[in-house]
Amino acid sequence: MADASFGFSTLQMGELAIGKHVHYILSVEKKKDSFESVVMDHLRMNGAYWGLTTLDLLGKLDSVNADEVLSWIMTCQHESGGFSGNIGHDPHILYTLSAVQVLALFNKLDVLDIDKVATYITGLQNEDGSFSGDMWGEVDTRFSYIAICCLSILCCLDKINVEKAVSYILSCKNLDGGFGCTPGGESHAGQIFCCVGALAITGSLHHVDKDLLGWWLCERQVKSGGLNGRPEKLPDVCYSWWVLSSLIMIDRVHWIDKEKLVKFILDCQDLENGGISDRPDDAVDVFHTYFGVAGLSLLEYPGLKAIDPAYALPVDVVNRIFFG
Amino acid sequence: MHGRPRKASKPEDEAASTAKAQKLRALQTQFFSFHHSKIYTKEAVELSAKLLEINPESYTAWNYRKLAVEHYLSQPDCNPESVKSVLDDELRVVESALRQNFKSYGAWHHRKWVLSKGHSSIDHELRLLDKFQKADSRNFHAWNYRRFVAELMNRSEKDELKYTEDMIYTNFSNYSAWHNRSVLLSALLEKKAEGFLLKENLLPEEYEFIHQAIFTDPDDQSGWFYHLWLLDQTVTTDHPLLVSTWPAHGSDVFLVGDRCQNGSFSPFTTVLSDSGSFPIVLYFNQPVKGVSSSTVIIECGFNKNEELLWEPLSVSNLQTAQVWVAHLKFPTSELDSSVEISVGYSKEIVSPRGSQYSHPSTFSFKVHVQPVERDSSRVSVAENILWREENFKAYRAQSEESIPIVSFDQLCIKNGHESTPIVSFDQLCIKNGHESTASNWQTEALAKEVECFRELLSLMDCKIGKLTLARLLTAYDVMSFPFANKLDEYSSVLLRKMTSSEESLLQHCFQYKDSVSSAIGNPICLRLNNLSLSRIRAFERLLWVQILDLSHNELESIEGLEAMQLLYGLSLGNNKLRSLTALEPLRKLKSLRVLDLSYNQIGDHSIDTTRYLCSSPLSHSAGSELNDVALINYWEAFYMFKDLKLNQLDIVGNTVADEKFKSVLVKIMPSLKRLDGQLLD
């Protein structure tokens with residue numbers, strides 16, 4: 001059984017090394033001086049979300065100092081209401097969602113001036129219903145998902161034009177049932193997660209051809225049991241989240257071989273130093289550690305908290321927001 | 001973050017890394033000071049270029065450069081040449097960043113931003129794209145940028161189509177190229193562009209093309225998905241069609257006020273109606289909107305003036321659904337009357353893509369009302385329906401009786417003076433004597449494909465090929481798609497077969513033995529138990545069913561069951577239902593009174609796969625009706641059961657069904673008379 005209290009040396013292949021991963025995440029948080037860390041400085045807010053959500057799924061969110069995290073998050077908020085990836089950087093919708101998600105984890109959404117954040121996000125919706133990432137106008141369905149997810153967590157989804165947002169997302173639906181980043185863009189598992197998630201949150205999943213998309217998604221599973229992001233590409237642990245959560249939201253997850261996928265994810269662990277990599281024997285990082293653990297949660301791996309496939313937060317956090 | 005081998009870090013590596021890190025940090029710090037002080041001097045801007053060369057993901061630096069450009073453009077001394085030169089600098093910085101990371105969102109967007117200013121050479125862009133796409137033909141950033149540039153220069157879709165052809169001939173396994181080809185072709189077909197007017201000219205060529213890819217490497221997915229799109233273009237009519245109705249065209253419906261009324265009425269079409277109305281169900285081949293009393297005209301003797309309210313059977317608030325229902329009131333006195341319903345004579349019924357309903361049709365049936373003889377206000381003690389083998393007896397059809405519920409050869413709907421058969425795949429593919437309304441090219445194209453894939457699959461084992469062939473061969477109805485899962489596919493095939501002839505259907509028709517019981521009366525019970533069913537299909541042929549026994553199967557989902565508007569009693573006992581939210585389809589069954597959910601897996605699973613397919617606050621498809629704090633932890637039960645008017649519920653054998661839960665259910669459903677066999681007081 002995967003259990004953090006187990007001695008590390010007794011773990012066998014095929015089990016989740018919870019203790020190691022907790023240790024890895026906490027160590028990454030502290031190691032700010034490596035080149036890898038500095039080069040990812042600008043997305044530390046995402047990193048906080050990945051690391052902290054993983055800790056919560058492993059039942060170890062209390063290993064971090066919540067106050068430190070929260071005060072750092074708030075220093076990343078700009079006048080406009082948006083959050084930046086780290087201190088000194090410009091605000092962007094990507095980091096605004098991560099900030100709100102981390103606050104939700106700690107049940108501290110009340111420290112926010114919700115109107116301020118909402119204003120930032122609604123200001124990014126364009127005439128055609130799409131969303132820009134920031135004032136510079138890059139449009140992508142990722143940002144549609146972020147806007148919808150974020151405002152929904154803040155219980156003010158009605159502040160955007162939901163109908164137009166949904167119709168823009170649908171304009172990115174492809175003939176293979178998947179979704180791309182902009183109209184005409186090729187189907188990609190990451191974009192599919194964003195679009196399906198956005199449609200789920202807005203009660204619009206009936207627009208998805210679940211059988212057609214379900215088939216495209218289950219064809220992502222390759223011989224090794226891992227999932228790729230689109231046809232003829234290599235498997236990657238992060239797709240264990242994007243493909244899997246999409247399949248779950250449209251109730252087609254029984255079309256993949258769950259056991260094989262569990263094995264693939266577990267094979268991607270660094271059992272010595274902790275952390276999970278994109279593929280077996282590659283270098284680990286927090287990003288893939290999060291997606292590996294989140295994927296295992298969706299596969300009902302024992303000992304993990306359940307994660308919500310649309311909000312990408314633990315189910316108890318989401319339930320607290322809507323039924324709290 | 002991707003594709004780096006795992007290796008133990010040596011002390012010298014760590015030292016090198018720390019040194020590099022310190023340099024980068026110093027660069028960043030200096031950059032921030034320029035950015036926050038809004039300094040856009042030449043050196044400041046060059047510093048940002050250095051930063052982006054090392055780290056093209058540092059998005060703030062791209063923002064800064066845009067600010068620097070705008071600052072420059074606002075200077076009084078700038079002229080077209082100097083502007084172009086400044087913008088060319090930007091393009092150079094982007095190119096160098098892309099060499100570092102050709103998937104950098106920030107770099108590609110910056111390039112778009114520069115091009116949008118309108119001062120740069122577009123031809124150069126195509127050449128650059130060519131380089132990138134040759135290096136990685138699957139780079140979707142490049143393909144997206146290509147689309148952007150093509151639009152800027154008004155490049156024709158035909159030219160772009162040629163480009164995809166070139167890419168494909170270079171390498172058949174190029175999903176991106178096939179995808180883009182499908183996008184361009186769709187656009188051209190829709191525009192009815194010259195040379196692309198007719199699918200029948202275009203598609204055979206495309207089939208030839210795709211065959212080359214598939215035969216080169218049948219295991220490569222790229223070709224197959226494109227082929228599927230071609231099939232879809234060949235077979236599917238975009239236009240919404242009415243596929244099935246209840247009451248069925250030409251049927252006789254007997255409405256009784258009391259189930260025990262005996263008569264020589266057919267048990268197939270005798271319906272209890274204690275509400276003074278009966279449902280009219282319209283089942284389309286795809287979700288549609290615009291069904292209303294102005295697009296669906298009812299002519300009947302007994303209900304002259306009332307406008308019917310048509311309700312879409314879907315979860316969401318948006319007025320779109322594949323199945324629509326309305327309730328027609330009838331008088332309490334004895335009645336024998338004809339009803340005629342016309343659908344789609346005005347053009348407002350449309351598919352989500354805007355295709356109009358194209359086959360205006362009319363169907364008619366007769367309604368016979370038997371007034372209540374006994375005192376219907378007498379409340380009988382709730383009977384306990386026991387779904388046991390010994391309680392059902394097989395229905396013996398009278399020799400002359402034909403089941404007037406659905407026409408089994410083709411679903412016919414009267415169109416003016418002729419019957420127009422709904423275009424069904426049977427007609428297109430399988431050789432029979434019927435004269436089909438499908439055009440020749442469709443039939444030919446499909447016959448050719450069947451030949452082709454039979455040949456291919458005789459040579460090699462190919463999963464995706466088998467699926468395609470299955471789709472080609474399955475008795476196709478305009479809505480279906482084969483499931484990518486053996487059990488689901490098997491269930492689908494079984495149900496289609498079973499509902500395809502009177503003979504096979506009758507084998508599953510029973511009646512509840514104790515017809516004296518006032519609870520059920522004597523309608524037909526369709527028994528589909530012990531069939532290993534994991535999915536239910538063929539709903540359009542089951543709209544007449546009032547009692548359904550699906551116990552002892554492998555059902556994890558009851559998706560689509562909402563179409564069965566006449567359902568009064570349903571057994572889902574001994575299946576694999578995993579959550580309460582999976583019961584969403586039942587919420588639309590206004591006549592449902594008896595439900596058996598015993599021995600499922602409700603409560604066993606931490607992950608709910610129908611959480612977003614049901615009506616709840618999480619998906620903004622239900623309001624905040626849940627006011628009772630005590631029920632907060634039972635929100636799923638609340639939303640799923642609050643609209644049901646069940647008399648009898650069985651839920652034993654599910655982990656979730658402890659005493660507390662059962663008391664919550666009783667609270668939520670005041671109409672409940674029996675729970676797990678126990679009479680409630």
Side-chain angles (χ1 to χ4, degrees), chain A residues 33-35 37-39 41-42 85 88-90 92 136 138 152 157 174-176 181-182 184-188 200-207 211-212 214-216 218-219 230-233 236 248-249 251 253-255 270 277-278 281-285 287 298 300 306 309-310 318 322-323, chain B residues 1-6 17-18 20-21 24-25 28 32 55 57-60 63 66 105 109 113 140 143-144 147 173 175-176 179 182-183 186 220-222 225 229 287 314-318 320 352 481 483-485 556-557 559 605-607 609-610 612-613 617-621 626 632 635:
Chain A
D33 298 321
S34 70
F35 184 68
S37 183
V38 177
V39 106
D41 217 41
H42 63 281
H89 279 276
D90 289 349
H92 193 284
W136 296 107
E138 182 189 0
S152 187
L157 185 61
N174 292 320
L175 303 156
D176 52 17
C181 46
T182 44
E186 188 186 336
S187 298
H188 179 278
I201 294 173
T202 55
S204 318
L205 276 178
H206 62 281
H207 285 295
D211 291 333
L212 183 59
W215 182 33
W216 191 94
C218 79
E219 284 296 319
R230 44 185 180 137
E232 310 311 316
K233 287 260 163 179
D236 183 329
I248 289 201
M249 286 189 273
D251 195 14
V253 69
H254 58 287
W255 286 2
D270 180 343
S277 56
D278 57 348
D281 303 320
D282 269 358
V284 303
D285 55 55
F287 177 83
L298 288 179
E300 297 184 72
V318 177
F322 286 92
F323 306 111
Chain B
M1 281 199 289
H2 290 94
R4 294 172 303 140
R6 184 182 305 171
S17 166
T18 312
K20 251 169 89 181
L24 183 56
R25 235 201 231 300
Q28 258 175 210
F32 278 137
N55 187 7
E57 296 316 298
S58 193
Y59 70 98
T60 307
N63 297 349
K66 294 184 187 62
Y105 284 97
H109 182 251
W113 184 83
F140 64 81
W143 282 101
N144 290 343
R147 216 168 292 118
S173 167
Y175 194 94
S176 310
H179 163 77
S182 71
V183 171
S186 298
D220 187 281
Q221 295 196 339
S222 321
F225 281 103
W229 176 68
S314 81
V315 174
S316 89
N317 310 318
L318 307 165
T320 309
F481 185 90
F483 292 114
N485 164 283
E556 286 183 36
S557 158
E559 214 175 273
H605 295 275
S606 54
I607 297 296
T609 61
T610 39
Y612 289 95
L613 296 172
L618 291 168
S619 55
H620 297 84
S621 49
L626 183 47
I632 291 282
W635 63 271

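Numbered from 1 within each chain, the chains take letters A, B, ... in sequence-line order. These numbers come from a predicted model, not from an experiment.
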Asker: Does either side chain, that of Thr610(B) or that of Asp251(A), offer a donor lying less than 3.5 Å from an acceptor on the other one?
Answerer: no
Asker: Residues two or more places apart in sequence or in another chain: which of them pass salt bridge (Lys or Arg N to Asp or Glu O under 4.0 Å) with Glu559(B)?
Answerer: Arg252(A), Arg535(B)
Asker: Could you grab the distance from atom SG of Cys181(A) to atom CZ of Phe140(B), nearest 0.5 Å is fine?
Answerer: 6.0 Å
Asker: Using 0.5 Å steps for rounding, measure from the OG atom of Ser37(A) to the CZ atom of Arg25(B).
Answerer: 6.5 Å
Asker: Got a donor-acceptor contact below 3.5 angstrom from the His179(B) side chain to the Gly184(A) backbone?
Answerer: yes
Asker: To the nearest 0.5 Å, tell me how far Glu219(A) CD sits from Gln221(B) CD.
Answerer: 4.5 Å
Asker: Please report the closest heavy-atom contact between Pro617(B) and Phe322(A), naming both atoms and the distance.
Answerer: O-CE2, 3.6 Å
Asker: Ile632(B), Leu618(B), Asn144(B): which one forms the most heavy-atom pairs within less than 4.5 Å of chain A?
Answerer: Leu618(B)
Asker: Given heavy-atom pairs under 4.5 angstrom as the criterion, report whether the side chain, backbone, both or neither of Leu205(A) touches chain B.
Answerer: side chain
Asker: Measure distances from Thr18(B) to the heavy atoms of chain A and classify the residue's part below 4.5 Å as side chain, backbone, both or neither.
Answerer: both
Asker: Can you tell me which portion of Asn63(B) sits under 4.5 Å from chain A's heavy atoms? Options are side chain, backbone, both or neither.
Answerer: both
Asker: Out of curiosity, His109(B) NE2 to Trp136(A) CH2, how far, rounded to the nearest 0.5 Å?
Answerer: 10.0 Å
Asker: Is the side chain of Arg6(B) donor-acceptor paired with the backbone N or O of Asp282(A) at a distance under 3.5 Å, no angle test?
Answerer: yes
Asker: Return yes when atom NZ of Lys20(B) has more than 12 non-hydrogen atoms of other residues, nucleotides or ligands closer than 6.0 Å, and no otherwise.
Answerer: no
Asker: Do you know which of Val318(A), Val38(A), Asp90(A) has the most heavy-atom pairs under 4.5 Å to chain B?
Answerer: Asp90(A)
Asker: When you measure from the side chain of Ser606(B) to the backbone N and O of Glu300(A), does any donor-acceptor pair fall under 3.5 Å?
Answerer: no
Asker: Heavy-atom distance under 4.5 Å to chain A: side chain of His2(B), backbone, both or neither?
Answerer: both
Asker: Flag the pair His42(A) / Asn55(B) as yes when at least one side-chain heavy-atom distance between them is below 4.5 Å, and no otherwise.
Answerer: yes
Asker: Could you measure the distance from the CG atom of Asp176(A) to the OH atom of Tyr175(B)? Nearest 0.5 Å is fine.
Answerer: 3.5 Å
Asker: Please answer whether the main-chain N or O of Ser34(A) pairs with a side-chain N or O of Ser17(B) as donor and acceptor at a distance below 3.5 Å.
Answerer: no
Asker: For Phe287(A), which atoms come within 4.5 Å of any heavy atom of chain B: side chain, backbone, both, or neither?
Answerer: side chain
Asker: Tell me, side chain or backbone of Val39(A) under 4.5 Å from chain B's heavy atoms, or both, or neither?
Answerer: both
Asker: For Arg147(B), which atoms come within 4.5 Å of any heavy atom of chain A: side chain, backbone, both, or neither?
Answerer: side chain
Asker: Determine the option with the most heavy-atom pairs under 4.5 angstrom with chain B, choosing from Ser277(A), Ala306(A), Ala200(A), Pro309(A).
Answerer: Ala200(A)
Asker: Is chain B contacted by the side chain of His254(A), its backbone, both, or neither, given a heavy-atom distance below 4.5 Å?
Answerer: both
Asker: How many angstroms lie between atom CD of Glu232(A) and atom OG of Ser173(B), to the nearest 0.5 angstrom?
Answerer: 4.5 Å
Asker: At a heavy-atom distance under 4.5 Å, which candidate from Leu298(A), Asp33(A), Asp270(A), Thr182(A) has the highest pair count against chain B?
Answerer: Asp270(A)
Asker: Checking His89(A) now: which residues fulfil ring pair (Phe, Tyr, Trp, His ring centres under 6.0 Å) with it, not counting sequence neighbours?
Answerer: Phe32(B), Tyr59(B)
